[in-house]
Enquirer: 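Below is one structure. I have some questions about it.
FYI, side chains are in, hydrogens and waters are out, and symmetry mates aren't considered; it's all heavy atoms of this structure.
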Amino acid sequence: MRIEEEVKLDFKDVLFRPKRSTLGSRAKVELKRSYRYRHSGRSSESVPIIAANMDTVGTFEMAAALARHDMHVALHKHYRVEDYVAFFHEDNRARHRNAFYSLGITEPDLAKFNAVRAATGDAIEFVCIDVANGYTETFLDFVKRFREAHPNITLMAGNVVTADITEALILAGADIVKVGIGPGSVCTTRKMTGVGYPQLSAIIECADAAHGLGGHICGDGGCTVPGDVAKGFGGGADFMMLGGMLAAHDESGGEVVERDGRTYRRFYGMSSDVAMEKYAGGVAKYRASEGKEVLLEARGPVDHTAQEILGGVRSTCTYVGARTLKALSKCTTFVRVTQQINEVYGRSV
């Protein structure tokens with residue numbers, strides 16, 4: 001047993017230090033980023049924010065809505081083959097060009113992907129291989145085999161939180177490593193297992209490892225407000241993945257519930273007993289649920305939330321003098337704090 005004494009940081013532990021800026025308006029900040037990927041050789045240009053691959057977030061409808069903002073969606077893996085085929089066959093390429101096809105590492109997952117791929121040709125440009133624990137040899141071997149079979153697909157794989165396995169995944173064939181264990185709003189992994197890593201430090205350390213090898217990272221989980229998204233980018237994340245911030249919208253999916261004259265939508269983790277009952281016939285006897293279900297008040301169309309997030313990140317850039325999102329991490333100095341905001345009056349009406 002050993003203890004690492006160095007303090008690790010979460011989004012709540014820091015603020016950006018403002019710096020002199022020549023930017024006259026938030027409108028002058030460029031949030032699109034261009035990437036070239038180490039293994040696939042492909043290039044992309046987008047606003048690098050990704051809706052999480054949860055069935056109450058990563059839907060076809062969300063893909064259509066966020067395409068208007070040049071943002072990404074990681075589609076959840078529980079659609080039928082014919083549904084994916086119809087989506088990726090659509091003539092409106094803007095709707096699916098930024099969509100990640102998500103799968104796990106089971107043979108049925110791979111068989112489903114191969115069926116969709118066979119029916120859609122090269123329409124799938126991005127794939128997300130997603131497991132809760134990215135530290136197993138089985139996962140690394142799957143990433144290697146997938147890369148060998150599909151050399152031209154841009155591949156995101158995770159989740160991990162440390163530099164060593166980030167490097168291993170990039171060398172195994174991942175273009176983007178997904179970073180985060182336990183920070184999500186409906187994830188209970190830390191409570192159930194005691195395993196995790198403060199998300200901002202995980203992003204900083206994994207980004208350093210990935211960038212040294214020509215790879216990229218995606219910070220996954222832990223964001224509750226637009227400032228957290230900006231902190232992830234400031235810490236070196238190339239992409240940021242959002243779940244709860246994009247849940248409960250018209251495009252999010254999730255069962256609608258009416259209570260006391262108010263409208264809610266169900267939102268739950270994909271390792272929750274709710275999700276496992278829905279897709280696996282219940283929680284297997286050898287494991288425990290690592291997610292929870294909540295009711296969120298319905299938020300209407302996602303466009304307003306998307307604009308709030310993008311507006312917040314633009315404003316961050318003006319405070320620190322970054323003309324582009326790419327420059328944000330170079331302009332970032334974080335200040336350690338003990339308090340983020342003044343909440344004397346609680347939530348606004």
Enquirer: I'd like to check the side-chain contact (heavy atoms from CB on, under 4.5 Å) partners of Glu293; sequence neighbours left out, ordered by chain and number.
Expert: Arg266, Tyr268, Val274
Enquirer: Taking Gln340 for the side chain and Val14 for the main chain, is one N or O donor matched with an acceptor at less than 3.5 Å?
Expert: yes
Enquirer: Check Asp250 with Arg299, please: is the shortest side-chain N to carboxylate O separation under 4.0 Å?
Expert: no
Enquirer: Verify side-chain contact (heavy atoms from CB on, under 4.5 Å) between Asn159 and Val161, making sure each step is shown before the conclusion.
Expert: CA-CA 7 Å; Asn159 281 29; Val161 289; over 6 Å; no
Enquirer: Are the side chains of Thr316 and Phe233 in contact, using a 4.5 Å heavy-atom criterion?
Expert: no
Enquirer: Kindly indicate, with the supporting measurements, whether the criterion side-chain hydrogen bond (donor to acceptor under 3.5 Å, both in side chains) is fulfilled by His249 and Asp303.
Expert: CA-CA 9 Å; His249 293 91; Asp303 278 333; over 6 Å; no
Enquirer: If you round to the nearest 0.5 Å, how far is CG of Asp55 from CG of Leu75?
Expert: 12.0 Å
Enquirer: Given the rule that I, L, V, M, F, W and Y join up when any side-chain heavy atoms are under 4.5 Å apart, are Val257 and Val186 in one cluster?
Expert: no
Enquirer: For Lys191, does its backbone N or O pair with a side-chain atom of Thr188 as donor and acceptor, under 3.5 Å?
Expert: no
Enquirer: Locate the shortest heavy-atom distance separating Ala207 from Gly236; write the atom from each residue and the value.
Expert: CB-O, 3.5 Å
Enquirer: If you measure from the Lys or Arg side-chain nitrogens to the Asp or Glu carboxylate oxygens, is any gap between Asp10 and Lys231 under 4.0 Å?
Expert: no
Enquirer: Between Val313 and Val47, is there a side-chain heavy-atom distance shorter than 4.5 Å?
Expert: no
Enquirer: Is the side chain of Arg147 donor-acceptor paired with the backbone N or O of His150 at a distance under 3.5 Å, no angle test?
Expert: yes
Enquirer: Hey, mind stepping through Tyr79 and Phe87 against ring-ring contact (aromatic ring centres under 6.0 Å, His included) and telling me if it holds?
Expert: CA-CA 10 Å; Tyr79 285 116; Phe87 174 80; 8.1 Å; no
Enquirer: Following the transitive rule for hydrophobic clusters with a side-chain heavy-atom cut-off under 4.5 Å over Ile, Leu, Val, Met, Phe, Trp and Tyr, establish whether Met71 and Met62 coincide in one cluster.
Expert: yes
Enquirer: Mind checking side-chain hydrogen bond (donor to acceptor under 3.5 Å, both in side chains) for Thr318 and listing every partner two or more places apart, or none if nothing turns up?
Expert: none
Enquirer: Give me the atom names and distance for the closest heavy-atom approach of Ile170 to Gly215.
Expert: CD1-CA, 3.9 Å
Enquirer: Give a yes or no answer on whether the side chain of Glu125 reaches the backbone of Ala99 with a donor-acceptor pair at less than 3.5 Å.
Expert: no
Enquirer: Is there a side-chain contact (heavy atoms from CB on, under 4.5 Å) between Asn133 and Phe139 once you walk through the steps?
Expert: CA-CA 8 Å; Asn133 178 5; Phe139 178 58; over 6 Å; no
Enquirer: For Tyr135, does the OH atom have more than 12 heavy-atom neighbours from other residues, nucleotides or ligands under 6.0 Å away?
Expert: yes
Enquirer: May I ask you to decide if Leu328's main-chain N or O and Thr332's side chain share a donor-acceptor pair within less than 3.5 Å?
Expert: yes
Enquirer: Are side-chain heavy atoms of Met241 and His72 found at a separation under 4.5 Å?
Expert: no
Enquirer: Quick check for you: to the nearest 0.5 Å, what is the distance between Lys28 atom NZ and Cys317 atom SG?
Expert: 14.5 Å
Enquirer: Taking the side chain as everything from C-beta on, heavy atoms only, tell me whether Ile165 gets closer than 4.5 Å to Leu140.
Expert: yes
Enquirer: Is the side chain of Tyr35 donor-acceptor paired with the backbone N or O of Asp238 at a distance under 3.5 Å, no angle test?
Expert: yes
Enquirer: Nearest 0.5 Å, what's the NE2-OH distance between His78 and Tyr84?
Expert: 7.5 Å
Enquirer: Examine distances only and state if a side-chain atom of Asp70 and a backbone atom of Ser46 form a donor-acceptor pair shorter than 3.5 Å.
Expert: no
Enquirer: What verdict does the side-chain contact (heavy atoms from CB on, under 4.5 Å) test give for Met240 and Ile203, after you've listed the backbone C-alpha separation in whole Å, the side-chain angles of each residue and the deciding distance to 0.1 Å?
Expert: CA-CA 10 Å; Met240 289 294 289; Ile203 286 172; 4.1 Å; yes
Enquirer: Asp175 side chain to Leu155 main-chain N or O, any donor-acceptor pair under 3.5 Å?
Expert: yes
Enquirer: If you look at every heavy atom in Ala210 and Thr166, which pair is closest and at what distance?
Expert: CB-CG2, 3.9 Å
Enquirer: Considering only heavy atoms from C-beta outward, does the side chain of Leu9 approach that of Arg336 to under 4.5 Å?
Expert: yes
Enquirer: Could you measure the distance from the OH atom of Tyr37 to the OG atom of Ser43? Nearest 0.5 Å is fine.
Expert: 8.0 Å
Enquirer: Sequence neighbours left out, what passes side-chain contact (heavy atoms from CB on, under 4.5 Å) with Ser185? Give chain and number order.
Expert: Phe267
Enquirer: With the 4.5 Å side-chain cut-off for hydrophobic clustering, are Ile105 and Leu110 part of the same group?
Expert: yes
Enquirer: Would you say the side chain of Asp130 lies within less than 4.5 Å of the side chain of Met270, judging by non-hydrogen atoms?
Expert: no
Enquirer: Taking Leu103's backbone N and O only, do any of them form a donor-acceptor pair with Lys112's side chain (distance below 3.5 Å, no angle check)?
Expert: no
Enquirer: Are Asp141 and Thr138 close enough that some pair of their side-chain heavy atoms sits under 4.5 Å apart?
Expert: no
Enquirer: Evaluate whether atom NZ of Lys19 has more than 12 neighbouring non-hydrogen atoms of other residues, nucleotides or ligands under 6.0 angstrom away.
Expert: yes
Enquirer: How far apart are the C-alpha atoms of His69 and Ile309, what are their side-chain angles, what is the distance that settles it, and do they pass the side-chain contact (heavy atoms from CB on, under 4.5 Å) test?
Expert: CA-CA 11 Å; His69 302 274; Ile309 294 167; over 6 Å; no
Enquirer: With clusters defined by side-chain heavy atoms of hydrophobic residues (ILVMFWY) lying less than 4.5 Å apart, directly or transitively, does Ile181 cluster with Val160?
Expert: yes
Enquirer: Met245 versus Val229: any side-chain heavy-atom pair under 4.5 Å?
Expert: yes
Enquirer: Assert yes or no for the condition that the ring centre distance of Phe126 to Tyr101 is strictly below 6.0 Å.
Expert: no
Enquirer: Would the distance check show the side chain of Glu255 and the main-chain N or O of Tyr264 forming a donor-acceptor pair, the cut-off being under 3.5 Å?
Expert: no
Enquirer: Around Arg190, counting heavy atoms of other residues, nucleotides and ligands shown, do more than 12 lie under 6.0 Å from its CZ?
Expert: yes
Enquirer: With rounding to the nearest 0.5 Å, note down the distance linking NZ in Lys326 to CZ in Arg323.
Expert: 16.0 Å
Enquirer: Count I, L, V, M, F, W, Y as connected when their side-chain heavy atoms are under 4.5 Å apart, and connections chain through other members. Are Val179 and Val143 then in the same cluster?
Expert: yes
Enquirer: Look up atom CG in Leu246 and atom CD1 in Ile49, then write down how far apart they are to the nearest 0.5 Å.
Expert: 8.5 Å
